[in-house]
Structures are given as structure tokens and as C-alpha cells.
Amino acid sequence: MSAMEKSVEERIDRLQAGGIIDLHFDLLIDLYEKRDRPGVLASHFLPEFEAGGIGVLGVAIYVEDRYLPEMGLRVALDQVARLHAEVERTERFAICKTFAEIEQARAAHKIALVITMEGVEPLGDDLNLLRTFYELGLRSVGLTHARRNAAGSGGIFKPSGSPRDGLTNFGRDLVGECERLGIIIDLAHINPKGFEEIVDLTSKPLIVSHTNARKFYNIERNISDEQIKIVGQRGGVVGVNAILVSPDPKTSTLDRYVDHIEHVAGLVGIDGVGIGFDFCEYLFQQLPESVRAELAAKLTTPHFIPELTNHSHARNLTCKLIERGFSDEEIEKILRGNWVRILKEL
Ligand SMILES: [Zn+2]
């Protein structure tokens, strides 16, 4: 290794020392599906998290179509149970409900896990259940995935054509209750009208845990420059997603991922951008070909970035941010600092 390479490696080590924060990871689906294979968190995921220097992860409760509606609540509760069972098997993780718990976990060299929910299908239309999940540790809620539910509708994976209606009465009540309890509202996936309504109904910082700029991939599931500016004005953070950086596999590159970071920072400043990798290649590869085709028809085909496909690749991003001329202070904010500002509210 040359002296220059060595100094870059040292700089990456220094920048990642505080631990990268990724606020969207579909871990719970996998733990649930592999419930007869205990230990998968420690055997499969931990080495990747460690290689990538991951410090805090938002881990999502998400219920797939095939379980809905009857099994939604049950599967969601089982996902939380599986997380506890897996965390118990190793010393290296802690499920955290407050910022103080996150700090304690980090000080003890543990990876802090914050439970999130992607689509409120598990709640049905029962607001009381939000309180139940809050007690279980739920600290961030995205009202919808792509589909419609009792709270509202998701944005579709096309430039236009999402349902024009906004939130339902239940959706509006839910937003109020999230703010009251101290659950962060996540605008990822919500349709444009729902986005607008949530902005009007709330006063705390809003986040978009995992999304991309429509400038580079123009679909309503992603966010427009106007929406990015609103999140920025509210002191929020946009987490940049690694699977929808471009409609074209040829330009689904690490440089394009950084283009999204630069674009958000250009619109709202460096304080408004963070990481929401949404790594799901491992889930995708486990699906039978027919299900993949079905998903592609219903949503879209994700284009995975070769050098940024799982958490062990996070160093590649840090290296690229250095190469693209970001300062240490800026990189620290992107990788960690901006999400810390949001998590301090917990
Ligand atoms: Zn998502």
C-alpha cells in the first residue's frame, strides 16, 4: 500500500469511528422468514455491519402483501419477537428506545437498533395499537408503502398517477398521535398529496428515511426538489436510498449515489442529507424468479449498485465522498451527524 493509500484508509477509519447511521433496513422481514434458523443476525448480518462500521440502524417492521390483511398484526408482532430473540443471542446489539440508550449502546461498542415501521397495515385502523407498538420500541413510522392502507396511499413507481387523495381521518389522527408520543414521522413512500398534508399537520422535524431525488429518477415514489426543500426548511433529513438512484442499470453507480447526496445538499445544505441505504439485494436474491417478475411488474426492478449492495460496502461510500471532495466535517454529517440531530429528539 502506498503512503497515499494508507492516509486515505486512515481518514476513512477516522470518519467512520463514530459509526455510520442508516435509518432504513428491512431486517425484520428476513429474521421472521428465517425464524427456524436462529442466529442469522449474528452469523450473517453482524460481519457485514462490522466490516462497514455501522453504528445505528433503523430496522423496519414491514408486512408483505401475502400476509394481509388477516395476518398483518400477528406477523408484525412476531417480527419484533424475532428481533428480541436474535439480539439476545449476541452481546453486539441493543434495541434502543431513547437517544440516551443509543449513546449507551455505542459506548459499549454495540450496534444500536431502532425499530421503525414501513406502512401501518399492522395497526389496521386501530390507533390504540400505535401506543402498543410505541411501548415495544417503535420510534419512527412511515404511513404507507406503495400500496393503499387505512391511513393513506403510497406514491407509485411512475412519473405520475399516484392516487390523488391524501390521508384518511385515521391517517390524520395517526400523525397527531405520533407527534404526541414522540414517534418520528417518515415521509418515505407517501404519495404527493399525503406528503403535503403531513407537512401541514405537523411541527416537528420530518424525515424521509430512504428515497431518491426525482431529478435523477423521476417517479412519485421518489421526492421532488420542492419536497426536499420543505424537509430541509423543517430541519429534517433526507436519507439517500441505494436501490433507486437511476432508472438505468448502467448509471446505477456509486458516483450517481453521491450525485443524489450532492443534489440534496445543494438544495437544503449539508445538514439535510443522510443515509437510508435500503439494502435489500439479499432479500431479492432469495425470491423465486416468478415473484421477482411479479414485483417488477407491480413496483419496479431495483438496480443494485455493485460497490454498494450491503453494509460491508459502506467504506466504499466514505472513500467516494473523499474522492468527490467533501470535507471531513461534511462527511461526518452525512454518515452520522445529521441523523444524530434527529435521534436526539427521542
Ligand atoms: Zn421502502
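We count ligands from 1, going down the list as the structure has it; atoms in each ligand are counted the same way. Just so you know, residue 1 is the first one in the sequence shown, and it goes up from there.
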Of all the N, O or S atoms in His189, which one sits nearest to the Zn ion (ligand 1)? NE2
His24 near the Zn ion (ligand 1): N/O/S under 2.8 Å: no
Thinking salt bridges, do Lys333 and Glu330 make one under a 4.0 Å N-O criterion? no
Using side-chain heavy atoms (C-beta onward) and a distance below 4.5 Å, is Thr98 in contact with Glu103? no
Please give the atom name: the N, O or S atom of Glu118 nearest to the Zn ion (ligand 1). OE2
Aromatic rings Tyr282 and Phe45: how do their planes relate, parallel, tilted or perpendicular, breaks at 30° and 60°? perpendicular
Below 2.8 Å, any N, O or S contact between His145 and the Zn ion (ligand 1)? no
Between Arg172 and Asn169, do the side chains contain an N or O donor and an N or O acceptor separated by less than 3.5 Å? yes
